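Every chain is numbered from 1, with letters handed out A, B, ... down the list of sequences. What you see is a predicted model; the values in this text were computed from it and never measured.
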Amino acid sequence: MKRVLKYMIFVLCLLITLTGLNYLLEPKYTYRNTTWPTTSTFNQFYRMKKNTVDLIFLGSSYSVNAFSPQYLYDTYGYRSYNLGSEQQSLFLSYYWLKEALRFQSPEVVVLEGRNIFPKEADTPVNTNEAFIRKALDPMHWSSVKTEAVHELCLLDPAQQEISYYLTNIRFHNRWKELSAEDLDWHSAHTAELKGYYPMQDTQPEHEFHPFDNEDKGMPIDPDPLMLVYLEKIQDLCLEKGIHLIVINIPAGDMYQGMHEMLMPFIEAHDIEYYNLSEINLYESLGVDEETENAVDHADWRGSLKLTDFVGRVLLEKGYLEAKEDSQWEDTKDFYQKLINELQ
Amino acid sequence: MSYTSLSYLLLCAGVFCLYYAVPLSLRRYVLLIGSAVFYLSLNGTVFFLLFLMTVILAYIFGIILEQKRIKFLLWAAVLIVIGPLLIGRFSGYADFLRYRWILPVGISFYSLQIIGYLIDVYRGKYPAERDLFSFALFISWFPQIIQGPIARYDALSSQLNTGHHFDCRRTGLAVKTILGGLFLKMVIADRAGIFVDAVYGDTGTYGGGFLWLAAILYTVQIYADFLSCVTVSIGVSRLFGIELMNNFDHPYTAVSVRDFWRRWHISLSTWLRDYVYIPLGGNRHGKARRYINLLVTFAVSGLWHGAGLKYLVWGLLHGFYQITEDYVHVNSRIFTLFRVMIGWVIFRASRLREALSVLLAMFTRVHLQEFTAQALADTGFDVKEIIVFLVSMLAWAVYSKWNRKAEKLPESVQLCAVIIVIAVIWVFGIYGIGFEAKDFIYGEF
């Protein structure tokens, strides 16, 4: 009996050591070292109190820089969380929504839809492995993660399923890059801005003109697999009684030619859709282009306009009620201080 | 399925659990099934059928040779067994052939094992095996089929066929042995291989200094790699209560090349001695004949290692070294190691012409200025890798020297050491995405 106990302790110590090493070796994307702090965003999400997030944002880095949950709370009283991440394909958005629903019961999901169109066309899920890992590695082990990883590996045979569980297979060579930041548990698990990251002095990545039926541009088909996952997201939202809103941030590559290729799908599925590159919607944002940028990766001033747009829609439609919550109250000062610094 | 792959370790774990779950009398069948699964996953159905056919033919020839000791029959059996290997090897020499024969992994080892058995039966050393399953298990024993050691029937077969009881202490020792092998392979051998592969991938662009360093590191790599494989084989066999022979006895401490071959790949050296050198006449017919026998034996050794003139030259070089040792008595470890290392340069080069140009550059193109941190980093063997490599070598040297004493430490201390070794392999091992998990060097032969 004593011997069995000894070996059980040995196995336990071994598992703890290896789990600890894997945590240490995984790259950590936090506010300290990147513009799109995926690690802290997702880790913080798990720390939110159950069923307190009423609105979830999903999408790519455009979404991370566009939608500020703190501003939305301060202005409208809506409790939201931004689960966007770099080049988050709709495949990842779907599984993160599924994962989020294990802990939260949102009433609205806002999906930033740039990645409905091909972004990394030569990859099976419209984004490459680095970005997939940024989104999937912080996801806790559950049936959702198992399903996501399995589906991913079916779609992309180049991926190794086991490497998403034993992350050392991918990251063990990071021992050369380890720094004090890898031991900073607080930074890796705290996102006071709830997934939002304020940018300063950004410029549109492509020449931007809101479209107005004058110049349609070259039509590009949406990515067929992304439409499959858009449909899955919609089905999931319908099943849970969630309002789904798809928004395209103003972007030089969201011209009318592309817009029109998407519209038949949007109309056929009766999805609430806003393409903010459309001239009327863009002008409704009230962006002062001299001092603000709401195009592509919006700067922090532009992001307020974009968040405000979401707030107005929610208010007009009456999808959400304002609620007071200490999780957003407690970060008000942090946010205000940051904005003051940016000004 | 490499010996360091997760799938191999899972196979071992599966066979281990099943082995001790079934009654003693059925345990050998578990080993046979495990071996068949391993061979199938390694080589596919076609080669598996070729292997099966070879085993059945060797089994039948064994019984016939026991009853009728006809030399012609022995030669026929040997030729049938070694035929595929010979064709594969010689197609490597014939550049005019459009296609090279692809050989199943492990053929060099099991062919010698079968030939040794047939000759021993012919000589009446032991009776032929009547049980086909026992014979098949002896030939196909999965922990050793890829890289040996080349087992003798009388030493291994009875161990395989006797069901062993579970022994906690022995299992612990087996796990530690396996871990030692994995450490050698993944932390030391493959780390040295980073630099060696970079330099030998484009020898023309590197100066003599880098070529010397590559030669030194390859000398380390090939030993650590081969030793690791044998260590894993010994460890896995030990899980089932089976003791394999030790294939090495500190070969780089040899004081002569003759001594080196008494310590390096002992199972091959003794096989060549018993089944090639002595039948040729050994040293019984005067000096000249002895030298010819020696050169023939080492030429066979070279040919066995691979297809290509470089292997033949490498084998003959070792024969030549030993002939010269009759006249120049220099009992020096350094000089022996130096000569062995020169041999490894020929062995590692892609072909003989490259080996000669590398050797020429090593003696004519040395510039110390080439050793910059950046130049090393460009090969992938940067300063951090070098530090890990050196510390690992030191750790291995300390463990090799003190391992017997380490076994007497309290069990809890030993278990902590096991955790540390696993953690070191986990972090510093060369494996995973971004690396080609190298198969063992000797598995290619």
Side-chain angles (χ1 to χ4, degrees), chain A residues 1-28 123-124 127-134 136-137 149 152-153 156-180 182-183, chain B residues 2 4-10 13 166-169 171-172 175-176 178-179 182-183 186-187 190-191 194 373 376-377 380-389 391-392 409-437:
Chain A
M1 188 60 199
K2 199 178 163 190
R3 203 179 186 88
V4 172
L5 192 67
K6 190 186 267 184
Y7 285 118
M8 281 173 71
I9 292 170
F10 164 74
V11 171
L12 193 67
C13 289
L14 181 63
L15 289 177
I16 291 170
T17 305
L18 299 182
T19 308
L21 284 172
N22 273 12
Y23 171 75
L24 193 66
L25 291 167
E26 276 172 29
K28 293 153 197 82
T123 58
T127 189
N128 68 45
E129 191 195 338
F131 301 114
I132 293 170
R133 285 189 179 272
K134 282 183 179 184
L136 281 187
D137 284 335
V149 171
L152 171 70
C153 295
D156 183 1
Q159 303 266 352
Q160 272 188 31
E161 198 160 345
I162 194 167
S163 69
Y164 283 89
Y165 303 104
L166 298 175
T167 51
N168 56 302
I169 292 172
R170 165 50 83 190
F171 298 120
H172 76 101
N173 209 34
R174 265 201 84 242
W175 61 267
K176 290 185 193 177
E177 303 161 14
L178 292 180
S179 68
D182 289 291
L183 294 168
Chain B
S2 159
T4 53
S5 67
L6 189 63
S7 47
Y8 178 73
L9 297 177
L10 289 175
F166 178 76
D167 181 332
C168 195
R169 200 189 144 274
T171 304
V175 170
K176 280 183 257 175
I178 294 167
L179 281 177
L182 295 178
F183 176 86
M186 296 165 84
V187 183
D190 286 354
R191 180 154 277 107
I194 295 172
L376 282 168
F381 198 57
D382 56 30
V383 175
K384 287 176 182 171
E385 294 282 5
I386 293 170
I387 291 169
V388 171
F389 177 72
V391 172
S392 308
L409 289 168
E411 197 180 14
S412 50
V413 177
Q414 290 192 45
L415 290 175
C416 286
V418 166
I419 291 176
I420 291 169
V421 172
I422 293 174
V424 167
I425 296 170
W426 197 261
V427 177
F428 298 112
I430 306 287
Y431 66 96
I433 301 165
F435 291 102
E436 284 298 317

Q) How far apart are the closest heavy atoms of A:Leu21 and B:Ala423, and which atoms are they? A) CD1-CB, 3.6 Å

Q | Partner set under side-chain hydrogen bond (donor to acceptor under 3.5 Å, both in side chains) for A:Tyr7, not counting sequence neighbours | A | B:Glu411

Q: Check each atom of A:Leu14 against the heavy atoms of chain B and say whether the ones under 4.5 Å are side chain, backbone, both or neither.
A: both

Q) Where is the tightest heavy-atom contact between A:Phe10 and B:Leu415, given as atom of each residue plus distance? A) CE1-O, 3.4 Å

Q. Do A:Thr17 and B:Trp426 pass the side chain to side chain contact (heavy atoms under 4.5 Å, CB included) test, and can you show the C-alpha distance, the side-chain angles, and the key distance before you say yes or no?
A. CA-CA 10 Å; A:Thr17 305; B:Trp426 197 261; over 6 Å; no

Q.
At a 4.5 Å cut-off on heavy atoms, which part of A:Ile9 comes close to chain B: side chain, backbone, both, or neither?
A. neither

**Q.** Contact class of B:Cys168 relative to chain A, heavy atoms under 4.5 angstrom
**A.** side chain

Q) Given a strict heavy-atom distance threshold of 4.5 Å, which part of A:Leu166 is in contact with chain B: side chain, backbone, both, or neither? A) side chain

Q: Could you tell me how the ring of B:Tyr431 sits relative to the ring of A:His172: parallel (under 30°), tilted (30 to 60°) or perpendicular (over 60°)?
A: parallel

Q. Could you give the distance from CG (A:Leu18) to CD1 (B:Ile419), rounded to the nearest 0.5 Å?
A. 8.5 Å

Q: Keeping to residues at least two apart or across chains, list the salt bridge (Lys or Arg N to Asp or Glu O under 4.0 Å) pairs with something in residues 11-28 of chain A.
A: A:Lys28-A:Asp182

Q) Which pair of non-hydrogen atoms, one from A:Lys176 and one from B:Lys384, has the smallest distance, and what is that distance? A) O-NZ, 2.5 Å

